Amino acid sequence: MNMIQAINSAMDVMMDRDPAVIVMGEDVGYFGGVFRATAGLQAKYGKTRVFDTPITECGIIGVAVGMGAYGLRPVPEIQFADYIYPALDQLVSEAARLRYRSAGEFIAPITVRSPFGGGIFGGQTHSQSPEGIFTHVSGIKTVIPSTPYDAKGLLIAAIEDNDPTLFFEPKRIYNGPFDGHWDRPTQNWSQHPAGAVPEGYYKIPLGKANVVREGEALTILVYGTMVHVASAVIADAGVDAEIIDLRTLVPLDIETIEASVKKTGRCMIIHEATRTGGFGAELSALVQERCFYHLEAPIERVTGFDTPYPHSLEWAYFPGPVRIGEALKKVMKD
Amino acid sequence: MNMIQAINSAMDVMMDRDPAVIVMGEDVGYFGGVFRATAGLQAKYGKTRVFDTPITECGIIGVAVGMGAYGLRPVPEIQFADYIYPALDQLVSEAARLRYRSAGEFIAPITVRSPFGGGIFGGQTHSQSPEGIFTHVSGIKTVIPSTPYDAKGLLIAAIEDNDPTLFFEPKRIYNGPFDGHWDRPTQNWSQHPAGAVPEGYYKIPLGKANVVREGEALTILVYGTMVHVASAVIADAGVDAEIIDLRTLVPLDIETIEASVKKTGRCMIIHEATRTGGFGAELSALVQERCFYHLEAPIERVTGFDTPYPHSLEWAYFPGPVRIGEALKKVMKD
Amino acid sequence: MPSDRPGANLPPLSLYVPEPRFRPGDTVDFTEVVLPPAGQARRPDTAEPAHAFTDLAYDLVRVLDTDGQAVGPWNPRLSPDTLRDMLRSMVTVRAFDERMFRAQRQGKTSFYMKCTGEEAVAVSAAFALDRDDMCFPSYRQQGLLVARGWSLVDMMNQIYSNKGDRLQGKQLPIMYSVRDASFFSISGNLTTQYPQAVGWAMASAAKGDTRIAAAWCGEGSTAEGDFHSACTFASVYRAPVIFNVVNNQWAISSFSGFAGAEATTFAARAIGYGIAGLRVDGNDALAVYAATAWAAERARTNQGPTLIEHFTYRVEGHSTSDDPGQYRSAGEASAWPLGDPVTRLKDHLIAIDEWDEDRHIAQDKEIAEMVRAAQKEAEANGILGHGLHQPLDTLFDGVFEEMPWHLREQQAQMIAEETASGRPWARK
Amino acid sequence: MPSDRPGANLPPLSLYVPEPRFRPGDTVDFTEVVLPPAGQARRPDTAEPAHAFTDLAYDLVRVLDTDGQAVGPWNPRLSPDTLRDMLRSMVTVRAFDERMFRAQRQGKTSFYMKCTGEEAVAVSAAFALDRDDMCFPSYRQQGLLVARGWSLVDMMNQIYSNKGDRLQGKQLPIMYSVRDASFFSISGNLTTQYPQAVGWAMASAAKGDTRIAAAWCGEGSTAEGDFHSACTFASVYRAPVIFNVVNNQWAISSFSGFAGAEATTFAARAIGYGIAGLRVDGNDALAVYAATAWAAERARTNQGPTLIEHFTYRVEGHSTSDDPGQYRSAGEASAWPLGDPVTRLKDHLIAIDEWDEDRHIAQDKEIAEMVRAAQKEAEANGILGHGLHQPLDTLFDGVFEEMPWHLREQQAQMIAEETASGRPWARK
Ligand SMILES: Cc1ncc(C[n+]2csc(CCOP(=O)(O)OP(=O)(O)O)c2C)c(N)n1
Ligand SMILES: Cc1ncc(C[n+]2csc(CCOP(=O)(O)OP(=O)(O)O)c2C)c(N)n1
Ligand SMILES: [Mg+2]
Ligand SMILES: [Mg+2]
């Protein structure tokens, strides 16, 4: 399966198991979503469980919160993560706060799916990575898969979870992993081991990272598309890096991170989002606080620049192999 | 002057100097704002320059952006920072992006004033410190004053600035500085040197921090209310700290920070906002990146907890003298 | 900028900025307010489509006439017992408001909001809805809880954030949450409850349930985008929901003109979405009851949403934080021609010989006593600021279902802080 | 959950979910679409208050009748020269769309969006507005630029993100910004331009200027909260703004029922706010012109905002990214009873003896040639993906007026990266 199919399968499995699961969003019904992630679900489960919505992200999330309070488990889609901002108040002031402010009387067990990230010439409003806004908000979980296998297992876990969860899908790797070389041919998921996705139910717990490569020389903290870019750079460079795919940003798997950095003594953090105040800042702060006496070099952040995502210069913006390679040299120096 | 009066004076001075400056927001007109920050302005400058608005933060900012594109310099008020979320899309996707996406054809020279922070038993929707959401967004400046003198000078600079600026006002210290001891009587600004505010025009440049105390033992990075809390703790503890009031978070005065930490070798960061992904994370990452070889102890973050701001336990949430004192011990250890 | 541009032969534009008719010091004169007589508005069948009665969005459904008689097609013909129950609830709400307002002034809590003059809006709705219909209120519908017989002590515990507070002191006073009374957790952010109510109603419909949802917001709050999202969703999916817009004419210091009242009614918003709209005398308990029952019947028979504008007046300040004398004429409340909802219902009961002044006085006293007793009981659980009412570590409960490591660490840190403070657990 | 609850004697609710009448494979039959004949809708004086003509929100302003004659009170009586200019603009837009769509298909750029079938909506508006009235378009009003005589080469440069692109390749293709043509920077986020247009109009009014603003959005986009904020502000301050809702019946794959079209018209939204509303045949260039001119006159005389619903049909896919054959019947476009706006204007000119088929064919050829020449000129500046068209460091221009240290550092880093890459400046 490619990642779209895996995501589709997760929803299919959950809709089949639990009549409370419903899917809603702009164009998700008959059409099956602009990226086809919900294809076939309306035909299978009917219009009252899979339906198109008016174009109001505020309404989509607000309605989902109300449905959640009733006892459903809505899985709303926000068509592009860049369009999540009109829903911010409903996510931050409502979904994230409901359990707390009602001392558990009402909950918002919603899973908001949204494709994010650049690398498809989408320009500044089809490319953003806004996860750093949400990781700062108490009461919301943030999950980002990097393979079809993970996407399915994590999405099932998110749907079963009783807290509001943002599930950001790295759209650049929907069809296949991406090594960061935009001008080279790309692989399909069928050629990748994590493209082998079981048909049925399985889950990957939220809050557990995945060590995609063990190593001794440095620790690389990464998620989404950048897992593959980082892996390719490391393979090329022949550095014995430990690459940790975070999978869940909140709650974070701090144990795995801490153990790794204490072992390697060096740390590099990579994300596509703008640098200042990105989730990389939190990772850097945490690693520094917990592994200070083990660090042999400054922690390096490799990120998108603090500009909007440009259209034509998108590969100059993207934290690709060259940027990662330069940072790698720095973090491995002395 | 207290801080409210200083802020009022800044708007007064700017409205008098520049007919393009207009003030708008919920209850800012005849009533002069729920905190009285705009008192008297409508009577002086008329209803077409100072007016109440419908209760739609999205509309307030959207309209301000349009007015800015026309050539005005709107100074919209968001009644509480907790209510800025419905305006997020207009701030992030519009105000912050307009200059960039139009290659300078259109700009959004707006200054969004909003009271923020806790300590007034306002509960979770009148206490938040959302600055960390905006410091992650490219194209927006974030300014936070800590005294009446600074508030006036910075607000004038913000209004004159041609970029969209968020001006967060620490409401806990509107009337006087606060040492963090909620159960002790508070000072008035009239008893504080920075309460002496000139009547006329002056400005404090954006992007320049203020070293409120020079010292050798450690560097404390702080802004808003916490400047005073930190100062009181340091005075009590008798530690020779260098306290840097950041004043502007973006753009940040990195030179002052870097020079200080390189001198002291220790760094503590304090803010009231929730910890994970707060602006303190960025500060910690930056200091670590730039001063790694000078650091003698881990950088400490002292922050609000990763919970909503509670009502009755607000002083347990607030990063007060005890929390700061504990962190101080840690950062000064060995 | 305009000066150097062509078109100077055109007349200049000007910006209109609304202004209320009366400001502090002005003499109030409401003779211009047009009030259709009671009994005049027609009552369409609940099966009629919304576009067949758009006139009602500009009319005013009224049942109680100037003689205290219930007249016209909207007369809900309630039993005297029900009427007395409604009156009792309204009187209780008012007494509750007065005591809690005073408690705040006495420093026993941080904040309070009254609904004086608007008691009928919530109380009558509660009587007209089924008890398990889900309410998504704003902060001024305490009447729903009172009318549903919810414990006053429990409400006061919340106001005092004391150890009896089921919400563990987490919320600002009056931001109740009472699942057992089908009363949704109140949000500080205006109008967010509107799309949530639609979502709840859609879920109920999707499940073949029979319960409907009702939401409330102030006229000022209709300007928020959530209001529009909610109306759009409700219209598209014909959700079984009742939207109540409480037009009490003020939003803190801003009169309803800043929400658009000069251009049309708030009930007319419904017409924009093609949903049913009613404009009701909000100070007429029978009219509110009738309109709510009618809207509930439409919802329950899959006829979809109804928006009801309750035309009323906010008699007191916005909350304990403001002084209305600074922005409006003190004379407005008494001059307001729709009168007082409690008095009007009382007068009706007297007019039909089911009540008298003595009983009313006696009931006032009895209720005052009951509220005072409740207050005493609640205060035995503590008042805000006096002592630590919630175990400190509850601060971290409910952020997530299970506490992740970072909150556990912060919780431990806080407890260590308390110990370090030298006055552990006594800090508050 | 519902199963164990009381009220089981009530009939169950059900959730209504809209469904378009035709899906792929269905035979299209539009006979149910009621179209009032041309010339029938009344034309109120522009000084009349909005509530005096709410019927027009449900009517359809049409000028061109089935014989190609301009009839009725809305006939704008334009000179043949103006009519020919309008036709020429519309034909140019269509030719431009076709070429640029094809360019995208040929891999010369990343994205394109046509407005086929909707050319009258933007072109006629541009003719009816003053050239310095400020337009806040969505992505489907390229007709405004063409009608205002803006350079096709400049537009194409933007589409190709090439070195002639004034926007420095920063924006997705077609997200133009043309201050010199009073055309606001297009946003990717739907409907954000609506409150901005109101703000611009309010500023113009506050300054005693004479210029008005006009905004456009699709019918699907009316659901966003910004739409509501804009209408509320415009109503409150009587802003000199024209709201255009282009009801082309589809929003990507979602038919207009998901924006509320089954319950009422989009023009009726205006009634909800007490502002003027018109429903117009969007494929009738003269009707669009007349409605825009009427609304502009209202705005310019301080009568406030007007909302115009342009009833039209999106003939092509949403953009280059979708295939409409997957969600709607292929027969819709040709069966759509309001016809093609270009053909209708052409037929009118022929009917009044001011045009003929030969001239039309000749003009088609000439315009195709002109567009082709423009394309050639633009492509000489480069196409997307072929080479570095913008100096790399422009990536950092315009985030702020002055570049702060962190962007300067990042800029330096990027340039160092290029050098390190071993293929400096040739990366793209
Ligand atoms: C999103 C948001 N913006 C602003 C506020 C501040 N605020 C609280 S109540 C209020 C006025 C509401 O007026 P109205 O809707 O008429 O209700 P009323 O108080 O009259 O019952 C305002 C502006 C808020 N709570 N939430
Ligand atoms: C805030 C936001 N949400 C979603 C989108 C994705 N999107 C782009 S166009 C579109 C459909 C708009 O339909 P309509 O308003 O009818 O305009 P049309 O394309 O028909 O001209 C959607 C959902 C977006 N651009 N912005
Ligand atoms: Mg009100
Ligand atoms: Mg459309």
Side-chain angles (χ1 to χ4, degrees), chain B residues 19-20 22 24 46-49 51-72 74 86-87 89-90 92-94 96-109 138-141 161-164 206-207 248 250-255 286, chain D residues 134 136 165-168 170-172 175-180 184-189 191-209 211 213 215 224-226 228-233 235-237 239 241 394 397-407 409:
Chain B
I22 68 111
M24 59 192 281
K47 282 200 303 179
T48 50
R49 292 187 63 197
F51 51 84
D52 292 336
T53 60
I55 304 173
T56 155
E57 291 75 14
C58 157
I60 292 169
I61 303 301
V63 162
V65 169
M67 289 177 157
Y70 178 91
L72 301 187
D89 193 42
Q90 283 287 349
V92 171
S93 308
E94 300 299 317
R97 301 289 191 255
L98 188 53
R99 179 192 293 280
Y100 194 82
R101 77 174 194 229
S102 71
E105 282 203 327
F106 298 98
I107 62 171
S138 62
I140 283 188
K141 294 179 178 169
D161 196 274
N162 282 326
D163 292 311
L206 305 187
T248 308
V250 173
L252 187 67
D253 184 352
I254 193 71
E255 276 179 42
L286 283 172
Chain D
M134 188 72 191
F136 290 80
D165 176 11
R166 287 179 299 103
L167 306 188
Q168 303 178 311
K170 282 171 170 155
Q171 271 280 44
L172 196 68
M175 300 284 175
Y176 312 110
S177 176
V178 188
R179 196 184 171 95
D180 283 347
F184 192 68
S185 157
I186 298 174
S187 176
N189 293 53
T191 336
T192 49
Q193 71 277 16
Y194 254 62
Q196 293 163 1
V198 176
W200 198 97
M202 287 175 67
S204 186
K207 285 289 170 187
D209 196 344
R211 295 172 296 169
E224 293 284 5
D226 299 71
H228 179 62
S229 301
C231 290
T232 303
F233 263 83
S235 167
V236 167
Y237 305 99
V241 63
T394 60
D397 291 347
V399 179
F400 294 105
E401 186 174 39
E402 281 172 46
M403 205 181 295
W405 67 268
H406 65 288
L407 290 175
E409 275 192 12

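Labels below follow one simple rule: chain letters A, B, ... track the order of the sequence lines, proteins then strands, and each chain is numbered from 1. Note that the structure is a prediction, hence the values are computed from the model and not measured.
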Subject >> Any side-chain donor near an acceptor of the partner, B:Q90 and D:Q196, under 3.5 Å >> reply: yes

Original post:
Which heavy-atom pair separates B:A103 from D:Q168 by the least distance, and what is that distance?
Top reply: CB-OE1, 4.2 Å

Subject >> Heavy-atom contact with chain B under 4.5 Å, split by part of D:I186 >> reply: backbone

Original post:
How long is the span from the OG atom in D:S229 to the CD1 atom in B:I61, to the nearest 0.5 Å?
Top reply: 11.0 Å

Subject >> Min side-chain heavy-atom separation D:F233-B:I60 under 4.5 Å >> reply: yes

**OP:** Among the options B:I140, B:D161, B:I22, pick out the one with the most heavy-atom pairs lying under 4.5 Å from chain D.
**Re:** B:I140

Subject >> Top contributor to chain D interface from B:E57, B:M67, B:R99 [non-hydrogen pairs under 4.5 Å] >> reply: B:R99

Subject >> Criterion side chain to side chain contact (heavy atoms under 4.5 Å, CB included) on D:S187 and B:E94, from CA distance to verdict >> reply: CA-CA 8 Å; D:S187 176; B:E94 300 299 317; 2.6 Å; yes

**OP:** Counting only heavy atoms closer than 4.5 Å, note whether D:E409 contacts chain B via side chain, backbone, both or neither.
**Re:** side chain

**OP:** Sort out for me which of B:I254, B:T48, B:T56 touches chain D most, counting heavy-atom pairs under 4.5 Å.
**Re:** B:I254

**OP:** Under 4.5 Å heavy-atom distance to chain B, tell me which part of D:Y237 shows up: side chain, backbone, both or neither.
**Re:** side chain

Original post:
Which residue out of D:T394, D:D397, D:D180, D:V236 racks up the most heavy-atom pairs below 4.5 Å with chain B?
Top reply: D:D397

**OP:** Decide side-chain hydrogen bond (donor to acceptor under 3.5 Å, both in side chains) for D:S185 and B:S102; before the verdict, give the C-alpha distance in whole Å, the side-chain angles of both, and the deciding distance to 0.1 Å.
**Re:** CA-CA 6 Å; D:S185 157; B:S102 71; 5.0 Å; no

**OP:** Kindly give the heavy-atom pair with the smallest separation between B:L98 and D:F184, and that separation in Å.
**Re:** CD1-CZ, 3.5 Å

Subject >> Leading residue by heavy atom contact count with chain B [cutoff under 4.5 Å; candidates D:A239, D:A213, D:S204] >> reply: D:S204

**OP:** Check the pair B:Y70, D:M202 against side chain to side chain contact (heavy atoms under 4.5 Å, CB included), reporting the backbone distance first and the verdict last.
**Re:** CA-CA 9 Å; B:Y70 178 91; D:M202 287 175 67; over 6 Å; no

Original post:
Got more than 12 heavy atoms from elsewhere within 6.0 Å of CD, B:E255?
Top reply: no

**OP:** Give the member of D:E402, D:Q171, D:H228 that has the highest number of heavy-atom pairs under 4.5 Å with chain B.
**Re:** D:Q171

Subject >> Partner chain B: residue of D:V198, D:L172, D:V178 with the largest heavy-atom pair count (under 4.5 Å) >> reply: D:V178

Original post:
Who among B:G139, B:P251, B:G207 has the most heavy-atom pairs with chain D under 4.5 Å?
Top reply: B:G139

Subject >> Interchain contact, B:P74 with chain D, by part (heavy-atom threshold 4.5 Å) >> reply: neither

**OP:** Mind checking the CD1-CZ spacing from B:I107 to D:F400? Nearest 0.5 Å is all I need.
**Re:** 13.5 Å

**OP:** Name the region of D:M134, side chain, backbone, both or neither, that has any atom closer than 4.5 Å to a heavy atom of chain B.
**Re:** side chain

Subject >> Nearest heavy-atom neighbours spanning D:D226 and B:C58 >> reply: OD2-SG, 3.4 Å

**OP:** Examine whether an atom of B:A69 lies under 4.5 Å from a heavy atom of chain D, and if so say whether it belongs to the side chain, the backbone or both; otherwise answer neither.
**Re:** both

**OP:** Under 4.5 Å heavy-atom distance to chain D, tell me which part of B:N162 shows up: side chain, backbone, both or neither.
**Re:** both

